[in-house]
Amino acid sequence: VVLSEILDARTRALIADAGISDYVLSNSMVSDAIAMVAEDRDVNRILNSLFEESGAEIYIRPAGHYIPDGAHLSFFDVAAACRARDEPETLVGFRRTGDDRA
């Protein structure tokens, strides 16, 4: 997978025409982070934790890692199962079988 960094939002159209779907609009991320911190200073602690070198890690894992196969549970039930592990984890999203997007 090739991940491109875009500094100018106007470049998005060129990226779309080239068929590239994975990119980071870094200037937008920075300005969004600044706006969140300006609204609520406590967000800065969360962002620091997420982006520091020894900070949080994000993994994509199969649901069977947390719940029995075939179980029909709500997002909140799965989130509770993640938190109940020996090393608690935080669920940030999920994708149903057959769905293209999370």
Exercise. Hey, could you give me the OG1/CG distance between Thr11 and Asp8, rounded to the nearest 0.5 Å?
Key: 4.5 Å
Practice problem: Give, for atom CG of Asp40 and atom CZ of Arg45, the distance between the pair rounded to the nearest 0.5 Å. | Solution: 9.5 Å
Quiz item: Quick one: do the Ser74 and Asp77 side chains pair a donor with an acceptor below 3.5 Å?
Solution: yes
Just list the side-chain donor-acceptor pairs under 3.5 Å for residues 27-35, sequence neighbours left out, or say none.
unit_1: Asn27; atom_1: ND2; unit_2: Leu7; atom_2: O; d: 2.7
unit_1: Ser31; atom_1: OG; unit_2: Asn27; atom_2: O; d: 3.3
unit_1: Ser31; atom_1: OG; unit_2: Ser28; atom_2: O; d: 3.0

Exercise. Please say whether more than 12 non-hydrogen atoms of neighbouring residues, nucleotides or ligands are located less than 6.0 Å from CZ in Phe75.
Key: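 Yes, enclosed.
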Exercise. Using side-chain contact (heavy atoms from CB on, under 4.5 Å) as the criterion, list what pairs up with Ile60, not counting sequence neighbours.
Key: none
Without placing hydrogens or testing angles, list every side-chain donor-acceptor pair under 3.5 Å for residues 61-71, not counting sequence neighbours.
unit_1: Arg61; atom_1: NH1; unit_2: His65; atom_2: NE2; d: 3.3
unit_1: Arg61; atom_1: NH1; unit_2: Glu89; atom_2: OE1; d: 3.3
unit_1: Arg61; atom_1: NH1; unit_2: Glu89; atom_2: OE2; d: 2.8
unit_1: His65; atom_1: NE2; unit_2: Arg85; atom_2: NH2; d: 3.2
unit_1: Tyr66; atom_1: OH; unit_2: Glu89; atom_2: OE1; d: 2.4

Self-check item: Test item: Arg83 and Thr90 side chains (from C-beta on) under 4.5 Å apart, heavy atoms
Solution: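 Side-chain contact under 4.5 Å: no.
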Exercise. Indicate if Leu14 and Ile6 have the same hydrophobic cluster label, given that clusters are the connected sets of ILVMFWY residues with side-chain heavy-atom separations under 4.5 angstrom.
Key: no
